[in-house]
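This report refers to the structure that appears directly beneath it.
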Amino acid sequence: MDELIAKIILSGSLIGIGAIIFRKIPLLAQLSEEEVQEPFFIPNPLDLVKDVVGRIKGFHLNLFLQKILSKIKIITLIIERKTEDKLRRLREESKRKREIMHDNYWEELKKAKESKHLDE
């Protein structure tokens, strides 16, 4: 079923691309050679970011990165502290449970020993 849906989507996409290309062929044929010879320019995203950042007055990229990294560090420290507290509480709880079980064990052992002596 999934394969059939994927095939339908693929065929629909190919038909759509073909229709777009078929509609654009007359426009491409009307272009002059000068327009065709101009290279197609794809801007670098990093250059765009630097350009936008450069236009903002008083903005320093290094300072911005420092602030972001400081906030990330603070968040990780908070998470670490919370996990440490939770781990400590779990250890205390398990220690308490072991002590309770340990205390009952000795009491039961004494009762069993006393009842054994009484039976003899």
Given the rule that I, L, V, M, F, W and Y join up when any side-chain heavy atoms are under 4.5 Å apart, are Ile17 and Ile9 in one cluster? no
Between [atom1] on residue [X] and [atom2] on residue [Y], distance to nearest 0.5 Å:
| X | Y | atom1 | atom2 | answer |
| --- | --- | --- | --- | --- |
| Ile20 | Ile15 | CD1 | CD1 | 12.5 Å |
| Leu65 | Ser70 | CG | OG | 10.5 Å |
| Ile8 | Leu4 | CD1 | CG | 4.0 Å |
| Ile74 | Leu69 | CD1 | CG | 11.0 Å |

Can you pull out every salt bridge (Lys or Arg N to Asp or Glu O under 4.0 Å) where at least one residue sits in residues 75-88? Sequence neighbours excluded, please. Asp85-Arg88, Arg88-Glu92
Salt bridge Glu93-Arg89, side-chain N to carboxylate O under 4.0 Å: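 A salt bridge is absent here (no side-chain N lies under 4.0 Å from a carboxylate O).
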Do the charged groups of Lys110 and Glu114 touch, with an N to O distance under 4.0 Å?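 Answer for the salt bridge query: no.
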Give the intermediate values and the outcome of side-chain contact (heavy atoms from CB on, under 4.5 Å) for residues Leu63 and Gln66. CA-CA 5 Å; Leu63 183 62; Gln66 286 176 5; 4.0 Å; yes
